[in-house]
Amino acid sequence: MRTIYKKELARIFKDKKMVFSVFLLPVLIMVGIMALVGNLTSRQMEDIENHESIVYMMNEPESFTAFLDASDLHMDVKSVETEAERDDVMSMLKEGDADLFIEFPENFDSLIQGYRQGDEVPQIKTYYNPSEDYSSSAYELISNQSLEAYRQVLLSQRVTDMNELQVFTVNSDNKDMVVQDDQKASGKALGMMLPYFITILLFAGAMGIGTDMIAGEKERGTMASLLVTPVKRKSIVLGKVFALMTISGIFSVIYIVVMGATFPKSGLDLEITPEQIVMIGVLLVAIAFLYSAIVILLSVFARDLKEASTYITPAYMVVLVIGMMTMFTTREAGMKDYLIPFYNTALALKGILTSEVTMAQYGVTLAMTLVLGGILTAVIAKAFESEKVMNL
């Protein structure tokens, strides 16, 4: 087993091109994508903030026009005079050529000033296109903020003491309204993403190399030569499984370290204890073992690399979806959840970061993962003993 293990590792680490393509290139691509997404997001937000909103108003009162001028908002205000123009503005909103349309009742100022108890309350109508970022921003700024401020101004002219209209206030001076454990909150945020990334890294890292270890050697004819050597087939299986587990584990550790060092500052206040690091590290070894066994098992039944990829891709998608399930789970996980393969590892990783997983739950997850990996490894060894399977 040791000979096969060293042989597979040497094949990877002695080839500089292989080291670059297996360990460095994927990391550089992912870091580049993260940096690009962060840069594009920042530019998008900056573009929205600098955009001059195109706002159309119909029957706008002089009081609101004066209010907007005093507010010094960054917008281009245009008047709508006729119903035909109104229809054109509605079409422009759909096309994204206008950001917001505000329709006032006719003689709005007179209605406000001449209001008597029992009169119909004037209604200001706003129209926007939520599928357009500029339009949503204009709606948020003007409809939800400026119009509310304008309403308060008009109300203050009607009521001498504004406090008479307030039965009570909510958190008007309560600076300590948020009560949370920042460590747990940050761990929860990271725990939603980490299982997903771990699944991608470990499984994707094992796919390319694992298929070449088995199906690739079948295709090149070197597997047949290896099987006739005095080396026990069980040793061949274990050597290849552990070699692939080591490689995929190293890849995931490198990626996580680089991601942690280069990930944009997110404001997460998270301190990982040595105990958590050990728990995550041991669990990663178990996950790498299980994923390596899956990849090699499916590769055993393939004739060549193309067929192996066809078999592994559906399994990869299933594992990926299961890993994503923790991102949308709000209920508290019970012991039964930690008995579900693949799903339990995602729960455990999330629980470690939030300090919510118990040692019993962690132990069950670790045992289930190792036992399942061991069962699959035994199946691989059995398949290696079958000439029919190995001669596919």
Side-chain angles (χ1 to χ4, degrees), residues 29-109 111-112 121-156 170-172 177-178 185 189-190 192-193 196 262-268 324 327-328:
I29 292 175
M30 290 300 294
V31 170
I33 291 175
M34 289 162 54
L36 179 62
V37 170
N39 182 263
L40 292 177
T41 302
S42 299
R43 288 188 178 185
Q44 182 184 25
M45 297 301 296
E46 184 178 350
D47 179 60
I48 292 175
E49 291 176 0
N50 295 332
H51 172 70
E52 184 179 42
S53 300
I54 303 174
V55 180
Y56 286 85
M57 296 194 297
M58 188 172 187
N59 303 321
E60 65 274 18
E62 293 182 2
S63 60
F64 185 67
T65 303
F67 178 82
L68 287 181
D69 292 339
S71 301
D72 193 26
L73 297 176
H74 191 52
M75 65 178 66
D76 179 16
V77 180
K78 301 179 180 181
S79 296
V80 176
E81 304 294 341
T82 65
E83 287 296 324
E85 291 180 358
R86 182 185 186 280
D87 293 338
D88 291 339
V89 171
M90 299 299 284
S91 298
M92 293 170 66
L93 280 173
K94 288 184 178 181
E95 298 297 328
D97 296 326
D99 299 326
L100 184 68
F101 175 46
I102 305 175
E103 184 178 13
F104 291 85
E106 293 184 4
N107 303 316
F108 181 79
D109 280 340
L111 293 174
I112 295 297
V121 177
Q123 178 184 185
I124 301 174
K125 297 180 180 180
T126 61
Y127 304 88
Y128 78 109
N129 184 349
S131 64
E132 296 288 340
D133 292 333
Y134 292 153
S135 185
S136 296
S137 177
Y139 174 78
E140 178 66 26
L141 177 63
I142 300 173
S143 294
N144 291 349
Q145 297 181 29
S146 297
L147 283 177
E148 176 59 25
Y150 177 59
R151 188 180 72 86
Q152 294 295 328
V153 170
L154 295 181
L155 193 59
S156 66
V170 179
N171 292 324
S172 58
M177 59 181 291
V178 177
L190 185 59
M192 291 179 64
M193 301 180 292
Y196 177 71
T262 60
F263 201 84
K265 298 296 183 180
S266 58
L268 295 179
M324 292 175 60
M327 299 175 66
F328 310 100

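The residues of the chain are indexed from 1 along the displayed sequence. Just the heavy atoms: all of them, side chains too, but no hydrogens, waters or symmetry mates, feed the values below.
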Identified side-chain contact (heavy atoms from CB on, under 4.5 Å) partner of V55 from the options L73, I102, L68, D76:
I102
One pair to check against side-chain contact (heavy atoms from CB on, under 4.5 Å): N59 and F108. What are the steps and the verdict?
CA-CA 8 Å; N59 303 321; F108 181 79; over 6 Å; no
Please confirm whether the backbone N or O of Y134 pairs with a side-chain atom of S137, one donor and one acceptor, at under 3.5 Å?
no
Is E46 salt-bridged to R43, going by a charged N under 4.0 Å from an acidic O?
no
Just grab all the ring-ring contact (aromatic ring centres under 6.0 Å, His included) pairs involving residues 69-101, residues at least two apart or on different chains.
F101-Y127
In short, S135 meets Y128 closest at the heavy-atom pair OG-CB, 3.3 Å
Rounded at 0.5 Å granularity, tell me how far CZ in F104 sits from OG in S63.
7.5 Å
With a 4.5 Å cut-off on side-chain heavy atoms, are M92 and Y56 touching?
yes
Which pair of heavy atoms, one from E62 and one from D109, lies closest together, and at what distance?
N-OD2, 3.5 Å
Counterpart residues, side chain to side chain donor-acceptor pair (under 3.5 Å), relative to S131 (two or more places apart)
N129
Would you give the length of the straight line joining atom CD of E81 to atom CZ of R86, rounded to the nearest 0.5 angstrom?
14.0 Å
Got a sec: does the CE of M45 have more than 12 other heavy atoms crowding it under 6.0 Å?
no
Any chance you could measure L93, atom CG, to D88, atom CG, to the nearest 0.5 Å?
11.5 Å
L111 and P105, any side-chain heavy atoms less than 4.5 Å apart
yes
dist R151:CZ -> L154:CG (nearest 0.5 Å) comes out at 9.5 Å
Show your working on side-chain hydrogen bond (donor to acceptor under 3.5 Å, both in side chains) between D99 and H51 and close with a plain yes or no.
CA-CA 10 Å; D99 299 326; H51 172 70; 2.9 Å; yes
Kindly indicate whether the side chain of E132, heavy atoms from C-beta on, has any atom under 4.5 Å from the side chain of E95.
no
Look at the rings of F67 and F64 and say which category their plane angle falls in: under 30° parallel, 30 to 60° tilted, over 60° perpendicular.
parallel
Is any side-chain heavy atom of L100 less than 4.5 Å from a side-chain heavy atom of M75?
no
Rounded at 0.5 Å granularity, tell me how far CE in M90 sits from CD in E103.
8.5 Å
Spacing of CD belonging to E52 relative to CD1 belonging to I54, to within rounding of 0.5 Å:
7.5 Å
